[in-house]
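For the numbers below, each heavy atom of this structure counts, side chains included, while hydrogens, waters and symmetry mates do not. This one's a predicted model, so the numbers in the text were calculated from it and none came from an experiment.
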There are 2 protein chains.
Amino acid sequence: MEKNLKKINTSDENCPVRKTMSLVSGKWTLLILFQINDRTIRYGELKKTIPGISEKMLIQQLNFLVKNEFVSKKAYPEIPPKVEYTLTNLGLKTLPIIEQLAKFGLENLK
Amino acid sequence: MEKNLKKINTSDENCPVRKTMSLVSGKWTLLILFQINDRTIRYGELKKTIPGISEKMLIQQLNFLVKNEFVSKKAYPEIPPKVEYTLTNLGLKTLPIIEQLAKFGLENLK
DNA sequence: TTAGGTACTAACTAATTAGTTAGAATAACT
DNA sequence: AGTTATTCTAACTAATTAGTTAGTACCTAA
């Protein structure tokens, strides 16, 4: 017999919303994931798709996302450098979150 | 004929994901919305459901959410004070976002 | 030999966000 | 008179996050 079947539990440090947000609440994180999406994209291309982001933030976030296995990175040993980014399986699973955020924005914010 | 039918646009300042995140990316914002959910809840009760939040943050976020019409507030002219919070229609529309965040956390984060 | 292209790195500063501590209001109850 | 209950304020500090500026590496092409 389950002891605790109520729908809403307290949001302590184990709360899945809290844990997820701790990974994706950065200003640029979800935008980067959204732009990579289901494609393979180079650093420079990615930068163009997110106007206003600085190189520091883009790389910092990409490193973070690679470290946390949302994104995979492939560097070609060429000069000038060529680096491609793709979403991992885990990264792809963030897309439904982003879709909901986009839907909310489109329908409710001017 | 539409000129721009590609699925992914650039994420500039009009990006709906960006606009939504600018409202809900705070550390406590979505937890508060999630805890209010479809019920009417008093300040003190709400506080208990989010362990670790300080009174300052709770009230600050509640004021923010009321100002932005995610939450409505009803104060009873009693002593000691009694104040009830509920989600507005707009606030209710954030629940699908939160569900996706929870789902992601439950399925992918330990 | 100089400039251009690509993906970074590092040091520093600024801005935003969150946390801490103390306390106010007021009626009822002891 | 003093304690309790509840919601909220204010002043201040700390921590986190983001922005700025300058520069590196290496090959190619002008």
Task: Length of the line joining Leu58(B):CG and dC8(D):P, which is rounded to integer Å - done: 9 Å
Could I get a table of every N or O pair under 3.5 Å where one atom is in the protein and the other is in nucleotides 13-18 of chain D?
{"from": "dA18(D)", "atom 1": "OP1", "to": "Lys27(A)", "atom 2": "N", "distance (Å)": "2.7"}
{"from": "dA18(D)", "atom 1": "N7", "to": "Lys56(A)", "atom 2": "NZ", "distance (Å)": "3.4"}

TODO: Grab the NZ-P distance between Lys74(B) and dC8(D) for me, whole Å please.
DONE: 15 Å
- [ ] Would you give the length of the straight line joining atom CZ of Phe104(A) to atom CG of Leu90(B), rounded to the nearest 0.5 angstrom?
- [x] 4.0 Å
Between the protein and nucleotides 3-8 of chain C, which nitrogen or oxygen pairs come in under 3.5 angstrom?
{"from": "dT6(C)", "atom 1": "O3'", "to": "Arg42(A)", "atom 2": "NH2", "distance (Å)": "3.1"}
{"from": "dT6(C)", "atom 1": "O3'", "to": "Pro81(A)", "atom 2": "O", "distance (Å)": "3.0"}
{"from": "dA7(C)", "atom 1": "OP1", "to": "Arg42(A)", "atom 2": "NE", "distance (Å)": "3.1"}
{"from": "dA7(C)", "atom 1": "OP1", "to": "Arg42(A)", "atom 2": "NH2", "distance (Å)": "3.1"}
{"from": "dA7(C)", "atom 1": "OP2", "to": "Gly44(A)", "atom 2": "N", "distance (Å)": "3.0"}
{"from": "dC8(C)", "atom 1": "OP1", "to": "Lys73(A)", "atom 2": "NZ", "distance (Å)": "3.2"}
{"from": "dC8(C)", "atom 1": "OP2", "to": "Tyr85(A)", "atom 2": "OH", "distance (Å)": "2.7"}
{"from": "dC8(C)", "atom 1": "N4", "to": "Glu55(A)", "atom 2": "OE1", "distance (Å)": "2.3"}

Open item on the list: Tell me whether Arg42(A) is salt-bridged to Glu45(A), with the criterion being a basic N under 4.0 Å from an acidic carboxylate O.
Closed with: no
Task: Ser72(A) to Thr88(A) - nearest heavy-atom pair and separation - done: N-CG2, 3.8 Å
- [ ] Answer with yes or no whether the hydrophobic clustering places Leu109(A) together with Ile98(B); edges join I, L, V, M, F, W, Y residues whose side-chain heavy atoms lie under 4.5 Å apart.
- [x] yes
TODO: Not counting sequence neighbours, which residues clear side-chain hydrogen bond (donor to acceptor under 3.5 Å, both in side chains) with Lys93(B)? List them please.
DONE: Asn108(A)
Open item on the list: Measuring from atom CD of Gln61(B) to atom CG of Leu30(B), what distance do you get when rounded to the nearest 0.5 angstrom?
Closed with: 9.5 Å
Task: Lys/Arg cation over aromatic Tyr76(B): Lys82(B), 6.0 Å, 45° cone - done: yes
Open item on the list: Any side-chain to backbone donor/acceptor pair from Thr29(A) onto Ser25(A)? Under 3.5 Å, distance only.
Closed with: no
